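Since the structure is predicted, the reported quantities are computational estimates derived from the model, not experimental observations. For reference, positions follow the sequence shown, starting with 1.
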Amino acid sequence: RQVRSPDIESTIESLWRAKRGGVELIMFVSDNFNKFPMVRDLLQAIIDEHIGLRFFCQCDSQIVKDPELVELLGRARCYEMFVGVESFNRKTLKMVNKHHNHPEQYGEIVRLCDEAGIRSHFSNIIGFPDDGEQEILHHLDVLKGMRPKAASFYILTPIPGTEQYAGYRKSGWITERNLDRFDTTCSVWSHPKLSRERIEDLLYSCYVNYYGFLLRTKGLTEEDKLMAVFSRFSAASRMHPMSGGVDRLRIDYAGDYATARQEIYDMEFAPLPDNLVLTTHDENLNRQADWRSQRSVEVRFQ
């Protein structure tokens, strides 16, 4: 019931062992690396130790308020920063509790990353309830104006366990029975404006359109170009770029498991789960959290 972090010494030792083992790239898997309390000490230790490993990290949009940290990330050899911008519509962001996201600041994140030699990677969600096709295409145009060096797109998916999932299920909006499809690349609920087929078409066309645009611009490194070509090729093949690779080896089929599930458990699909009910204490704790203050972070996790 609290945020846990390894000490800096053990992280540095892990990095050295990785390098000695031939690892070339590292990913720090924290959702908000910029909120790690000892992030500056860790980055400075990486610099002082001359480890030289390139790494990927994920930061929230509040990174825009800390240009010194972006510069430090660049010196520590961060090569890519993934930021969940999700939408350029402030009303939509508030609806999904992304109160800390301010679209007018997104362009500054790209600029700071460019200055630090970091590839900015913006994550985008399409298919919010208010999204029609024109809204999604407008989002794409705004994204092009900012020109992050990488972009990924996902379909709004009510994940089991979240309040959104509970609300959508109660309203009878969820149409998908197969839990394997709750992976943000499939449409699993009844959108009020767009058909399932159209949302999935738009998902792949966003990739093809954006990376086609990016490849026509200047200032890309060879690595940027390679990522753009791969992402565009994958999407044109209707494969999400984060779901596979090149020259894939097929070793099994979904039908193999469907048959076994039927034989062993006598069911086609596992039933959609219900959310667990929070204890009164945890429910009260969540209600105390205020996104507008740093205190909310302390309340949630201590």
Side-chain angles (χ1 to χ4, degrees), residues 1 4 14 18 21-31 56 58 82 84 86 96 121 123-129 131 150-192 194-208 227 230-279 282:
R1 293 182 179 275
R4 295 172 296 167
S14 295
V23 172
E24 297 181 0
L25 300 175
I26 291 290
M27 175 180 178
F28 287 104
V29 296
S30 169
D31 283 349
F56 170 106
Q58 179 171 330
F82 183 99
E86 317 309 5
V96 293
H121 184 151
S123 165
N124 306 268
I125 293 177
I126 68 169
F128 287 100
D131 279 356
S152 52
F153 301 88
Y154 309 92
I155 296 172
L156 180 70
T157 302
I159 301 296
T162 63
E163 290 185 6
Q164 185 184 66
Y165 170 83
Y168 280 31
R169 194 170 179 209
K170 183 178 180 180
S171 300
W173 291 358
I174 295 180
T175 56
E176 180 58 62
R177 295 174 56 211
N178 187 350
L179 283 168
D180 289 342
R181 297 187 182 277
F182 284 71
D183 64 356
T184 73
T185 71
C186 305
S187 178
V188 300
W189 61 283
S190 180
H191 194 280
L194 297 166
S195 69
R196 176 176 187 155
E197 292 76 18
R198 189 56 189 147
I199 291 177
E200 294 181 7
D201 285 346
L202 286 166
L203 172 69
Y204 294 114
S205 67
C206 281
Y207 270 107
V208 172
M227 181 174 184
F230 168 73
S231 297
R232 194 170 189 271
F233 166 78
S234 296
S237 305
R238 295 188 71 84
M239 178 181 72
H240 197 279
M242 290 189 171
S243 295
V246 176
D247 195 21
R248 295 161 70 190
L249 176 65
R250 191 180 300 278
I251 59 174
D252 54 13
Y253 297 84
D256 300 341
Y257 302 96
T259 300
R261 186 162 56 231
Q262 190 70 51
E263 292 176 351
I264 297 171
Y265 300 108
D266 193 26
M267 65 172 65
E268 182 180 4
F269 297 117
L272 294 182
D274 293 322
N275 285 3
L276 296 177
V277 178
L278 292 177
T279 65
D282 285 348

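- Residues Y207 and A151 come closest through the heavy atom pair CE2-O, 3.6 Å.
- Evaluation of the ring pair (Phe, Tyr, Trp, His ring centres under 6.0 Å) rule for H121 yields F82 as partners, not counting sequence neighbours.
- From C206, atom SG reaches atom CD1 of I126 across 5.0 Å, with rounding to the nearest 0.5 Å.
- A donor-acceptor distance shorter than 3.5 angstrom exists from the side chain of S171 to the backbone of G167, with no hydrogens or angles considered.
- Closest non-hydrogen pair, P158 versus Y168, comes out as CG-CD2, 3.8 Å.
- For Y154, the ring pair (Phe, Tyr, Trp, His ring centres under 6.0 Å) test picks out H240, with sequence neighbours left out.
- The ring pair (Phe, Tyr, Trp, His ring centres under 6.0 Å) check on F28 picks up F33, F55, with sequence neighbours excluded.
- Distance CD1/I199 to SG/C186: 11.5 Å, rounded to 0.5 Å.
- Taking the salt bridge (charged side-chain N to carboxylate O under 4.0 Å, His left out) definition, one finds that D201 meets it with R198, R238, sequence neighbours left out.
- L179 is linked by a side chain to side chain contact (heavy atoms under 4.5 Å, CB included) to P160, F182, L272, P273, counting only residues two or more places apart in sequence or in another chain.
- Sorted by first and then second residue, the salt bridge (charged side-chain N to carboxylate O under 4.0 Å, His left out) pairs involving residues 249-258 (not counting sequence neighbours) form an empty list.
- Closest heavy-atom contact between I125 and I155: CG2-C, 4.3 Å.
- The neighbour count for F56 CZ, taken as heavy atoms of other residues, nucleotides or ligands under 6.0 Å away, is above 12.
- Checked against side-chain hydrogen bond (donor to acceptor under 3.5 Å, both in side chains), E86 has the following partners two or more places apart in sequence or in another chain: S123.
- Under the side chain to side chain contact (heavy atoms under 4.5 Å, CB included) criterion, T162 pairs with I159, Q164, Y165, sequence neighbours left out.
- The stretch residues 257-266 participates, sequence neighbours left out, in no salt bridge (charged side-chain N to carboxylate O under 4.0 Å, His left out) pair at all.
- S234 is not listed as a side-chain neighbour of Y204, based on a closest heavy-atom distance of 4.5 Å or more.
- Looking at every heavy atom in both residues, L202 comes nearest to S205 through O-OG, 3.1 Å.
- Pairing each heavy atom of P241 with each of F230, the nearest pair is O-CE2, 3.5 Å.
- Residue pairs meeting the side chain to side chain donor-acceptor pair (under 3.5 Å) criterion with at least one member in residues 173-187, sequence neighbours excluded, are E176-R196, D183-T185.
- Residues that satisfy the salt bridge (charged side-chain N to carboxylate O under 4.0 Å, His left out) test with E197, not counting sequence neighbours, are absent from this structure.
- No more than 12 heavy atoms of other residues, nucleotides or ligands shown are found within 6.0 angstrom of CD on E163.
- Proximity of L156 to H191: side-chain heavy atoms (C-beta onward) are nowhere separated by under 4.5 Å.
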